[in-house]
Q: 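Handing you this structure, nothing more for now.
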Amino acid sequence: MKHFDHFYPETYGARWRSMRLALLCRSKPAALVNHFGDVAGTCDRLTETGSIDLTAELRTQISRLRLSGSTIDQTSSVPSPSQSSPTSASPASAPEEEADAAGRLRVLEPTDVSSAVLHDYVPASQLHGDDDWLEEGDYFQFAQEDGSLRVAVDRDGPITIPETLRLFSYPAEDISRFPHPQTSSSGAKDYYPMDAASLLPVLALDVQPGDSVLDLCAAPGGKALAILQTLRPASLVCNDIQAGRVRRLKQVLLDYLPEADRWPCEVKVTKMDGRRLQDKEQYDKVGTLRWGKGTG
């Protein structure tokens with residue numbers, strides 16, 4: 001956080017305070033409705049739990065702004081129904097205490113295993129970092145006279161949310177978890193529990209009909225499922241670098257898209273290092289973010 005506090009206030013200005021708090025708070029549970037299951041029944045059951053259709057709220061806000069000719073206030077949050085009351089309150093805990101607790105998890109505790117093995121010399125078999133090396137001259141292309149870095153921030157217009165994309169979440173003060181998803185008559189699970197922030201990179205991609213999409217850090221599968229729920233891509237390549245994560249990704253796709261002939265596009269799962277990506281030009285959109293608690 002020390003590095004974040006040094007760099008991001010200049011980039012985001014007054015918004016960094018609330019963004020910093022969000023990074024230290026618990027993730028916001030959400031439920032991504034599976035278009036290949038019982039959509040109407042799933043939405044009814046999620047509404048009965050007290051959750052709201054987050055994507056419907058976003059569409060309403062975007063339509064209102066377009067009619068008024070205004071631009072989206074990037075500091076505003078998605079409105080929640082005023083008549084809704086939280087079903088459970090968030091436990092009182094200081095964000096700084098959570099950060100300290102997370103840091104303590106990295107401390108190695110003594111074990112029965114001797115620490116002598118830590119001092120054994122092991123010759124290096126491979127060097128890492130050359131690909132990410134930054135020459136000093138490259139730094140000064142972005143540095144200011146006061147030592148700060150100049151960062152170009154692109155201002156996008158209003159986003160579009162496909163009608164087939166449905167994400168439910170509880171009101172702002174409620175961090176309750178959703179019940180375990182059920183299996184519909186088609187054999188597909190009815191919704192996918194995820195961090196609400198995981199939808200942001202999917203919306204940022206703005207997938208259009210016929211796009212060829214690559215999800216570089218696809219596991220465990222939330223972003224890939226959200227991309228498929230748009231019913232827009234012609235092909236989707238889901239990639240991850242670790243064998244265990246790839247297995248989990250395949251299982252998620254089978255749980256939510258059990259019948260291959262019902263998939264809306266060609267879906268492929270690969271295991272490769274994204275830095276060694278070949279044929280980059282064949283993709284219209286590439287997602288590289290891994291979202292979740294402590295990632296971005």
Q: Rounded to the nearest 0.5 Å, what separates atom CG in Leu216 from atom SG in Cys238?
A: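 Between Leu216 CG and Cys238 SG, I get 10.5 Å after rounding to 0.5 Å.
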
Q: Heavy atoms only: give me the nearest Gly210-Ala234 pair and the separation to one decimal.
A: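 Between these two residues, the closest heavy atoms are O-CB, 3.6 Å.
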
Q: Can you find a pair of side-chain heavy atoms, one from Asp284 and one from Val213, that are under 4.5 Å apart?
A: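 The answer is no; the side chains never approach within 4.5 Å.
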
Q: Using the test side chain to side chain contact (heavy atoms under 4.5 Å, CB included), find all partners of Ala40 that sit at least two apart in sequence or belong to another chain.
A: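 Asp38.
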
Q: Could you tell me whether the side chains of Thr55 and Asp53 share a donor-acceptor contact shorter than 3.5 Å?
A: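 Yes, side-chain donor-acceptor contact under 3.5 Å.
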
Q: Which pair of heavy atoms, one from Cys43 and one from Val33, lies closest together, and at what distance?
A: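 Answer, listing the atom of Cys43 first, then Val33: SG-CG2, 4.2 Å.
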
Q: Going by heavy atoms in the side chains, are Pro201 and Lys223 under 4.5 Å from each other?
A: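 Sidechains of Lys223 and Pro201: in contact.
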
Q: Compare every heavy atom of Arg177 with every heavy atom of Ser27, then report the nearest pair and how far apart it is.
A: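 Minimum heavy-atom contact is OG-NH2, 4.1 Å.
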
Q: Decide whether Thr270 and Asn239 meet the rule of one side-chain donor and one side-chain acceptor closer than 3.5 Å.
A: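 The criterion, which ignores hydrogens and geometry beyond distance, is satisfied for Asn239 and Thr270.
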
Q: Counting C-beta onward and ignoring hydrogens, is there a side-chain heavy-atom pair between Val237 and Tyr283 closer than 4.5 Å?
A: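 Yes - at least one pair of side-chain heavy atoms lies under 4.5 Å apart.
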
Q: Would you mind reporting whether Arg245 and Pro220 have side-chain heavy atoms less than 4.5 Å apart?
A: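 Answer yes - side chains close enough.
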
Q: Between the side chain of Thr183 and the main-chain N/O of Asp190, is any donor-acceptor distance below 3.5 Å?
A: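 The answer is no, because no donor-acceptor pair under 3.5 Å joins these two groups.
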
Q: Could you tell me if the side chain of Thr164 sits less than 4.5 Å from the side chain of Val39, heavy atoms only?
A: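 A side-chain contact is absent here, since even the closest heavy-atom pair is not under 4.5 Å.
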
Q: If you measure from CG on Leu199 to CG on Leu167, what distance do you get to the nearest 0.5 Å?
A: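 Separation between the atoms: 5.5 Å.
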
Q: For a 4.5 angstrom cut-off between non-hydrogen side-chain atoms, does Asp5 reach Trp16?
A: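 SC-SC contact between Asp5 and Trp16 confirmed.
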
Q: Under the side chain to side chain contact (heavy atoms under 4.5 Å, CB included) rule, collect the residues that match up with Ser51, sequence neighbours excluded.
A: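 Ser51: side chain to side chain contact (heavy atoms under 4.5 Å, CB included) contacts with Leu46, Thr49, Phe168, Tyr170, Phe178.
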
Q: Taking it one step at a time, do Phe36 and Tyr256 satisfy ring-ring contact (aromatic ring centres under 6.0 Å, His included)?
A: CA-CA 7 Å; Phe36 306 99; Tyr256 289 85; over 10 Å; no

Q: Are Gln242 and Arg247 close enough that some pair of their side-chain heavy atoms sits under 4.5 Å apart?
A: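 No, their side chains stay 4.5 Å or more apart.
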
Q: Can any side-chain N or O of Glu266 pair as donor or acceptor with the backbone N or O of Ser235 at less than 3.5 Å?
A: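 Side chain of Glu266 to backbone of Ser235: no pair is present.
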
Q: Check side chain to side chain contact (heavy atoms under 4.5 Å, CB included) between Ala196 and all other residues, then give those that pass, not counting sequence neighbours.
A: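 Counting only residues at least two positions away or on another chain, Ala196 forms a side chain to side chain contact (heavy atoms under 4.5 Å, CB included) with Lys28, Ala30.
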
Q: Where does the angle between the aromatic ring planes of Tyr8 and Phe4 fall among parallel (under 30°), tilted (30 to 60°) and perpendicular (over 60°)?
A: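 The rings of Tyr8 and Phe4 stand perpendicular, inter-plane angle above 60°.
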
Q: Of Leu253, Val269, Leu228, which meets side chain to side chain contact (heavy atoms under 4.5 Å, CB included) against Leu236?
A: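 So the option named by the test is Leu228.
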
Q: Given side chains that start at C-beta, do those of Gln208 and Arg232 come closer than 4.5 Å, heavy atoms only?
A: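 Heavy-atom side-chain distance check passes, below 4.5 Å.
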
Q: Check Gly221 against Val252 and note the closest heavy-atom contact, atom names and distance.
A: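 Scanning both residues completely, I find the closest heavy atoms to be CA-CG1, 4.4 Å.
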
Q: Atom CG in Asn34, atom CD in Gln229: separation rounded to 0.5 Å?
A: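 Here the rounded value is 5.0 Å.
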
Q: How many angstroms lie between OG1 in Thr47 and CD1 in Ile52, if you round to the nearest 0.5 Å?
A: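 The CD1 atom of Ile52 is 10.0 Å from OG1 of Thr47, to the nearest 0.5 Å.
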
Q: Please determine whether the number of non-hydrogen atoms from other residues, nucleotides or ligands lying under 6.0 Å from atom CZ of Arg59 exceeds 12.
A: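 Yes, the 6.0 Å shell around CZ holds more than 12 heavy atoms from other groups.
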
Q: Rounded at 0.5 Å granularity, tell me how far NZ in Lys285 sits from CG in Leu205.
A: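 Rounded to the nearest 0.5 Å, the NZ-CG separation comes to 7.0 Å.
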
Q: Which value, rounded to the nearest 0.5 Å, describes the distance between Leu225 atom CG and Tyr191 atom OH?
A: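 Reported to 0.5 Å precision, the distance equals 14.5 Å.
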
Q: Passes side-chain contact (heavy atoms from CB on, under 4.5 Å), Arg20 versus Met1? Steps please.
A: CA-CA 8 Å; Arg20 184 184 192 276; Met1 292 304 298; 3.3 Å; yes

Q: Could you tell me whether Asp240 and Lys271 have a side-chain N and a carboxylate O separated by less than 4.0 Å?
A: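 Salt bridge absent between Asp240 and Lys271.
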
